[in-house]
Amino acid sequence: MKRISIKAFLAAFLLIGGTGFLSAQNARVKIDIERTIGEVNQNIYGNFAEHLGRCIYGGIYDEGSSLADEDGLRKDVLEAVKGLNVSLVRYPGGNFVSNYHWKDGIGPKDDRPPRMELAWARLETNRFGTDEFMKFVKKAGTEPYLSVNMGTGTIEEAQQWVEYCNVKEGPYYAELRKKYGSVEPYNVKYWSLGNEMDGHWQMGHLNAEDYSKKALEAAKLMRLTSPEIKIIAAGSSNYTPGADPNEWNSTILHELRDVIDYIALHMYVGNPNDNYYNYLSTPRILEERTQIVKGMILREMQGAERESPDPIYIAWDEYNTWYRARTDKALVGNNALEEHYNLEDALVIAGFLNAFVRNADIVKMANMAQLVNVIAPIFTNETGMFKQTIYYPLALFANNVFGTSLDLFVDCDTYNTDNFAIGMGEVTTQQNGVPYLDISATYKDGEVILCVINRHKDKAIATDFISQTGMFNGDFEVYEVNGPDTKADNDFGKTQVETKQKPVIKVNKSDQFSYSFPAHSFTLIKGKIVE
Ligand code: AHR
């Protein structure tokens, strides 16, 4: 038998496309800084903290811990939050808010009433409330976004909370805030009218007509109290079979179109059947839903009588991947929703962020759900914390991706998925023509910032970037989030997935440069475009 030489073997291996190192696909991307989509709003780098599991207690707030400061706030968590450059934090829920009475959480801590927490089956001590949250956002260098109780709460209660937070002095709740230590008002700008009120799981769940009536009156009282506030209505997130999210969204948009500033949408995805390519395509579904709601908004803006000069925007005020910690047991108690993330989850998060940037004209807020321990980028125990894989793409975006979102031309290979369930219990879908490269670009102060996901599991993709207006010039910085394989993860004392700075790409006044994106990676590139 004739023996095959190593050279011939390698040639054959290359031909059939052996590994990411040995074979590559090619792609082309054209960048035109005059072809713009909209301004990226920094509020797309928001986050969310709910009274759920160990997000607040044992996460943000750890009274008595040697890791906490004089206010009971975890110093290591604060540092990690700062690294995410979080623009605003939604609070206090989530499902929790629909039975939360904010007055339980103010005043001397030992006098606050403990309550049964019915959404996630815990005891709520109320030792962390409005004033503690405001201390947290101040120390973390971020902004508060409060959600009012539209389930078991009243419109009067909502009005009084706005008064407590935003009225300088005079009326009872403003004076109460002063009495409890905060002389100056908090001036909370963002307020949402309840959470997922279309969901049958929501305490005090309403139909679209009843929600609209209650929300309209709440908005009226809240704005009379503090005219500058921005109001967010609860859109539908219920894509389980039989639900009609479009019906809910179109009804509430119609009824509330004169008074609201945003419609809130939520989306969680997962990989329960362990199909990498299906899973990596899920941010496209968020993009489809964005376009559907954008169409509804455009329709309602015709004939609306708004005081605001702006149209209604979309706030994706809960998004993440969440499917492992979704068993009956994982949904309740002090350790609820503790999802442990890997590299493929981080790539999906990068996909969501690319989708927000590509839809910068209409998506003006997004909040990763949630901040600490509960489906979160930051994970603590009594002695420390670690950064989950999803921390890294979020930090790269939130610290770099600003300016004008650009409409790119991308030419690369694509794949089709089968019919799959995008999340637990949700309708199935098929995605065709999913590009292996998922890219967004922004332009700011003469710099272009490219965010590139190579979804290919095995192959690098050699990509030519072509400038159609101006020349690339200088050293292009490169940051990569990757790991040894798609299941690589982080833990206490183990960091397999993180951001690594790569050698710069040197460009000498050229309308073109090339870069090869390794398999299963997220890369951020930034550099100058000159005349
Ligand atoms: O973020 C976890 C939960 O997911 C929130 O409480 C709820 O709004 C959503 O269903």
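For ligands, and for the atoms within them, numbers begin at 1 and follow the listed sequence.
Side-chain atoms of Asn95 and Asn195 include a donor-acceptor pair closer than 3.5 Å. Of the N and O atoms on the side chains of Ser236 and Asn249, not one donor lies less than 3.5 Å from an acceptor on the other residue.
Inclusion of Glu50 in the set of residues having an N or O under 3.5 Å from an N or O of ligand 1 is warranted. Considering backbone and side-chain N/O atoms, Asn95 comes within less than 3.5 Å of an N/O atom of ligand 1.
Minimum heavy-atom separation, Tyr323 to Val269: CD2-O, 4.4 Å.
Looking at Trp120 against ligand 1, only its side chain comes within 4.0 Å, counting heavy atoms. When heavy-atom distances to ligand 1 are checked against a 4.0 Å cut-off, Ile375 comes that close only through its side chain, counted from C-beta outward. The side chain of Tyr268, and not its backbone, has at least one atom closer than 4.0 Å to an atom of ligand 1 (non-hydrogen atoms only; side chain from C-beta on).
Those atoms of ligand 1 with a heavy atom of Asn195 less than 4.0 angstrom away are 7 (C), 8 (O). In summary, the atoms of ligand 1 found under 4.0 Å from a heavy atom of Gly94, numbered by their order in the structure, are 5 (C), 6 (O), 8 (O).
Panel note: side chain Arg54, backbone Thr380; a donor-acceptor pair is recorded below 3.5 Å. Here the side chain of Arg177 pairs a donor or acceptor atom with the backbone of Tyr164 at under 3.5 angstrom.
In this structure, the protein non-hydrogen atom closest to atom 4 (O) of ligand 1 is Glu318 OE1, 3.2 Å. Of all protein heavy atoms, the one closest to atom 10 (O) of ligand 1 is Glu196 OE1, 2.8 Å.
In this structure, Ile312 and Arg257 have side chains that are in contact, with non-hydrogen atoms separated by less than 4.5 Å.
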Self-check item: Trace of the side chain to side chain contact (heavy atoms under 4.5 Å, CB included) decision for Trp120 with His51
Solution: CA-CA 9 Å; Trp120 308 103; His51 284 243; over 6 Å; no
